[in-house]
Structure formats: structure tokens, C-alpha cells
2 protein chains.
Amino acid sequence: MTDPVKSRQAPTRGPVTLADIARLANVSPVTVSRAINTPALVKPRTLEAIERVIARTGYVPNLLAGGLASRRTKLIAAIVPAVSSTIFAETIEGLNTELVAAGYQLLLGLSGYDPRRELELTRAILARRPDGIILTGITHLKETRAMLTGAGLPIVEIWDSTPSPLDTAVGFSHAAVGMLVADHLLRKGYDRYAQVGANDPRAVQRRDGFVHRLAGIAKVELPDLEMSSPSTFRDGRQAMAQLLDRGGGTLGVFCSSDVVAHGALAEAYARGCRMPGDLAIVGFGDFDFAAHTHPPLTTVRIDRRDIGTKAAQSILRKIAGDETVEAMINVDFHIVMRGTA
Amino acid sequence: MTDPVKSRQAPTRGPVTLADIARLANVSPVTVSRAINTPALVKPRTLEAIERVIARTGYVPNLLAGGLASRRTKLIAAIVPAVSSTIFAETIEGLNTELVAAGYQLLLGLSGYDPRRELELTRAILARRPDGIILTGITHLKETRAMLTGAGLPIVEIWDSTPSPLDTAVGFSHAAVGMLVADHLLRKGYDRYAQVGANDPRAVQRRDGFVHRLAGIAKVELPDLEMSSPSTFRDGRQAMAQLLDRGGGTLGVFCSSDVVAHGALAEAYARGCRMPGDLAIVGFGDFDFAAHTHPPLTTVRIDRRDIGTKAAQSILRKIAGDETVEAMINVDFHIVMRGTA
DNA sequence: GGCTGAAATGAAAGCGCTTCCATTCTACGC
DNA sequence: GCGTAGAATGGAAGCGCTTTCATTTCAGCC
């Protein structure tokens, strides 16, 4: 804890405060505050003098104090299930880029797909009084919803679609994705259809959409495996082994993520299945590796980064008091046709 | 901004404060503060009464005010270059897990491999008075270093090794990685050696180590391409095309990341190169996909999550006043031998 | 019953900023 | 030269908590 001021005229002990700057620049604290936050209101000469003192002392304003007084923290919190090898990493980057450009900072929370952890995180986050909060998905615990609406701040739910968001939502219909994939597989026609993947609410929606579209046409098989989110390469491989072992004609499979699909693909490839003749696989997410598997993976593409960008823009507009932000902002998705379906 | 209290006895306008709780529970504010922070100091009966009021009102303490008064924010900031498809995502997760368990929160900064942005981030972060800060790498701008040391808080530099960290470092020697890979390739012996990859300080160290070990044995070829960090699949593919076009015997290549290596691999595979006979490729990072490329990628493995875990532990110990934290904490790495080298 | 020390509680000050409102400058017009 | 509006600055209060330090309560004991 050394004194941050190197020059001889070290003002006080501990970190420099706004009051120190005011004293050294022969102005009142208010003027220093204005020089920092609304420089247009300060006479150029005064401003310059203050800035010199700030530079000389290495003063860094205390945003805790500022936030407490102004009730604005320039903090945005985001809760996502995870970042490593998920669709969320790029969303976070998009979010962050936009937020930083607007002078905000990102407080990150990782829920691990656990609603209870989401609740705890929400509480901890709210304690920091962020100017807005971004959540993944539209299913939250009752307590979480209550806490959130009670806090009275802008909320953006991402990666899902709903007619009745808590506040604003940016995403798409997972059921629609499932149906799109079903239609795609139906076009070629397979003897059997299956879905393999995770059990988080969005993956379940995709499965339900898939099953719904195939209702009356085919029964959708599910592997007999416990799979928690995020599902893994190994999960996919095992699931595919099981499906293939069952035998019974050509097979169209919808996987809940590219990672699972990759595992499924590896198993199929190892067994020498012909794709997409005997076997079709459709992934989800269009991860970076998807174009480079053998054969390259057919998958559903969403602009992951764009979800972050749009979420940031929405919340910034909300914070600025813009009442015209749409409750539901839809983002596109489409099937990227490659070698597996 | 609706009143967060649903019950009829809504106390005041705006969010509930500690003073409100005190009033409703017929105790002084100090006692409420203690009930929250040091419950052992409060008589069980009183504690219970206070907790009831807190639950009923949905009170969420204001950590801005708390942090301002106590000079402890329970916030740890981390700056990494990026999260999507990088080695850092899992480090962040490791960090976060450990931090959350200790009651801390993660403020995330993304520098995009840009030292100037790192400086800006550092300033913005310091304004929030975190209890500690974690940076990627050991090369920082002079101003960044000054600001950091002046702030007098625990610092952990990660993903690199140095005898003289700013405070504490958790990582390994990238030069040593380069040398290890050189030794590995040398064992088989190739006619030519090359390195392809990014230009961030750590990638450069790895290259330098690689070059150094081969000095006097072979000249290390570099592709004639602009590659900025993070380098991409496409970069790798183009670089490999160029190297292969030059012709001239068997080739051992060290790539600065698995992503680049994957690109290089794809090009080599497309051209029908025999690996690791005619061509050897070694990646870096052991990304999730590395085990599943064709052929599977030989690469350097580091426990990415563990770096986050160790960094968190170190900083928490520092915060707790533990003076015995080692200045340099080394993490292991080793070559995972698979099909490409 | 009164003393004692520990347990439990409280009063007051203050963390470092912003906000509101009041005051002082400054330039310009007649 | 004086009045005046607008520009520039300042004083005081307060954001919601924690930190001393002081006071009260209580159990245990002679």
C-alpha cells in the first residue's frame, strides 16, 4: 500500500480523493466533479488546471461513492450458464464490446444451468445495484422473478423467445428450430428419427418442436442416457452408439448442440456409416469446429455475437429512458447445410 | 421502479434500506449490520427477528454503500484477451467457481490482446475499488504497471512465468514450451522446421523458445503472412499451404494454438500429406476438439481451469493477509501425443 | 444483593462522491 | 455606468452502509 503519488507534494495518506484534487487545483469539489462528468460546464482554463492535477496525482475516481450518490453505477450484470465451449462465449463478447463502448462494465455471473444458483447470483448482483441485468433464458424461479421485477431495473432475457418477457427479450424460438430441423430431415425421409442432447429448458424446447413436427409421422427415439447440460462429446458418442446398436433402417438425428453432434458423428464415422445416406446428423450452434469435422457438420446457425450486441443495445436504450424498445427482439437462425444432413 | 415490498406495511418509497429494517425490527442500524455480517455477535432472538423482517421486505443490502464504508468490495476483476474459442474461457470458469465459493464476484474485462485497452480497462476497473485484480500475461504498459502498483491491491498475473511478477504470478514458461516441442520434433528428425501463429507476447515466447532450441541445427521457417492474435483456422490453413508450396523435404511445424494447428492440419490432410511421416504438427492448448481432428492433434496440454483456480486461491489468500503466497506459482504442461507428431 | 466481566446493543462520525440550490462572475446592451 | 441574463462556481446535505467507542444488559459468583 504505497502512496500512489510519486511527486514530492504527496497530498494525503491513502488514495487520492476528489477533495484532494479540489484542494490542489484551488476549486471546490463540485467543480472537480463537473470537470470529470460534465466538462462542458467548466471554464476551459479551470478544466485544464484540474486535469493537470488529476494527471499528476494519478487520481482514479471512486465509482462506489459516485454510484452511491448518483444511483447510477455504469455496471451491467449478465448471467449465463457457462462460457467455455458454449454458445455463450461470443454473446458475452458482443455484449462486452457494446457495453464498454458506452462506458459500462460487465459483471459476469455463471449459473451452471442451475436455477437456484441463478437466484443466488441475482441476489448478489442486485446488491451491487447494476443499471441493468441480462439473463439467459426465460425460465426463472419465482423468487428470482420477484426479486428482479422488484428491483425496478431494465432486464433483458437472451437466447429465447416469449410473448411475455420480464422486460425485454432478445432471442428466437427454440421450438421453431426443432421444427425447422424436422422439416429438413423429413425432406429426405428417414426410417427412424431421434433426438439426443441436454436437458436445459432451451434444449427441451428444441426437442419438443422436433417431436411435435414429426408427430403422426414418426415416433422420435431418445437414447436411454442421463445427460445434463452442458452435454459433451462423450454423451453424443455414447448416444449414437446406442441408437446405432438398436438397428432398424436409416436414421435422422437432431443433436442439442454441435458438441454432442460431434461426438455422435465420431461414432458414426468410426462405424463407417454413410452420411447423409444411412444416417443424418444435425447439430445446433454452428460452433467454430463444425465446418471442419469429417464430414463437415450440418447444423443450425445463430449469430451468437449478435445476440449480445442486440441485448446490449436494448438495455442501453432502456437505461437512457427509451420507452420504444420492443418487448421481443427476434434474431434469425437457419440451417447450414454441410456434409451430415 | 415499483415498490419491492408487496405486503401492506410497505415501509418507505424506493428500495428498502438497512435503516428500514432496523426500524421494523426495533433495533438500531448497527445491529442489523451485524446480523448480516457477523451474526455470531447478535443474540439469537434478535437475529431471528431481524431475519424475519429482511425476508418479509425482500431487503437486498447495498454493497456500494457497504464497500464505501468498509473499503472492501468483495469484487475481483480479471482481464483476459478474449473468451470465445480461447484457452481463457476455462480459466475464467475456474476463477469464478473459486471466487463465488468465497463470496466474491467477478468483474470481467476483455482486452482483445491490446495493451492500450488493457490500460483503459485497468483504470475503469480500479475505479470500482476491487479487492484484487487478475491480469493475463506479464507484459503491460508502463502506465498500467504504475497504476496497478499505486493502487496497492493484490495482483495476480496469469498464463505466464516470471521471476519478478508485479505481485504474484500463476503460469508457466512459454519459452520452455517452445523448447519442449522442439525437442519432441527433433527426436524424429525432420528436414525442415517451421513455426506458425500469432504475435502476442506469449506466442512469441513460445516461438523464441522453439527457435532457440533449434539454433545451430536448423533454421526455423516462418510463413510470410500477417497474423494477429487470436490467430484463426484460416490463418493456419493459409500458412500451411505456403509452407507446403515451398517444398523441400519433411517438415515439423509448431503452431501457436490448436485453432491454427487445426487449420494447418486441414490443409495438409486435403493435400494427402502423411502424418507424422512427411509432416508433423504440434498445436498448443489441447482444446476440446484437438482429440477429434483427423488425424487427432498432437498438442501441448495445460490445465486451463487450474490456472483460474490457483489464481483465485492466491488472490484470496493475499486478501486475507497471508504473506506466504509464493511470488511465482508454476503449473505443469506436457505434450499430448496423438496422431500428428 | 451487589459486583464483575463478558455479551449485546447503540450513537456518532464518516467513507467519497453527486445533487440541489444559491451565489458570484462575466459579457453585453442601452 | 448600470442592469441583466447566462455562465461558472460553491455550500450543504445526503446516498446507505461500517467503524470506532461508549453504554447497557446479563449471567455468574462471593
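This structure is a prediction, so every number in the text was calculated from the model and none was measured. Lettering follows sequence order; numbering is per chain, from 1.
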If you measure from the Lys or Arg side-chain nitrogens to the Asp or Glu carboxylate oxygens, is any gap between A:Asp167 and A:Lys318 under 4.0 Å? yes

Just to verify, what does A:Glu48 make a side-chain contact (heavy atoms from CB on, under 4.5 Å) with, not counting sequence neighbours? A:Arg52

To the nearest angstrom, how far is A:Asn26 atom CG from D:dA8 atom C1'? 16 Å

Spacing of A:Leu41 atom CG relative to C:dC25 atom C1', expressed in whole Å: 16 Å

Validation row: A:Arg128, B:Gln105 side chains within 4.5 angstrom (heavy atoms): yes

State, yes or no, whether a side-chain contact exists between A:Ile76 and A:Leu107 at a heavy-atom distance under 4.5 Å. no

Using C1' atoms of five pairs at each end, report the bend of the helix from C:dG1-D:dC30 to C:dC30-D:dG1 rounded to 10 degrees. 50°

Would you tell me if any nitrogen or oxygen in the side chain of A:Thr46 comes within less than 4.0 Å of OP1 or OP2 on D:dA8? no

Ignoring backbone atoms, test whether A:Thr31 places a side-chain nitrogen or oxygen under 4.0 Å from the OP1 or OP2 oxygen of D:dG10. yes

Ignoring hydrogens and angles, state whether a donor on the side chain of A:Arg202 or A:Thr136 is under 3.5 Å from an acceptor on the partner side chain. no

Just checking, is any N or O donor in the side chain of A:Ser84 or B:Arg304 under 3.5 Å from an acceptor N or O on the other one? no

Heavy atoms under 4.0 Å is the rule here; annotate nucleotides 13-21 of chain C 5' to 3' with B where the base is hit, S where only the sugar-phosphate is, and - elsewhere. -BBBBSBB-

Is the backbone N or O of A:Ala82 less than 3.5 Å from a side-chain atom of B:Glu93, with the two atoms forming a donor-acceptor pair by type? no

Between atom CD1 of A:Ile50 and atom CG of A:Leu18, what is the distance when rounded to the nearest 0.5 Å? 9.0 Å

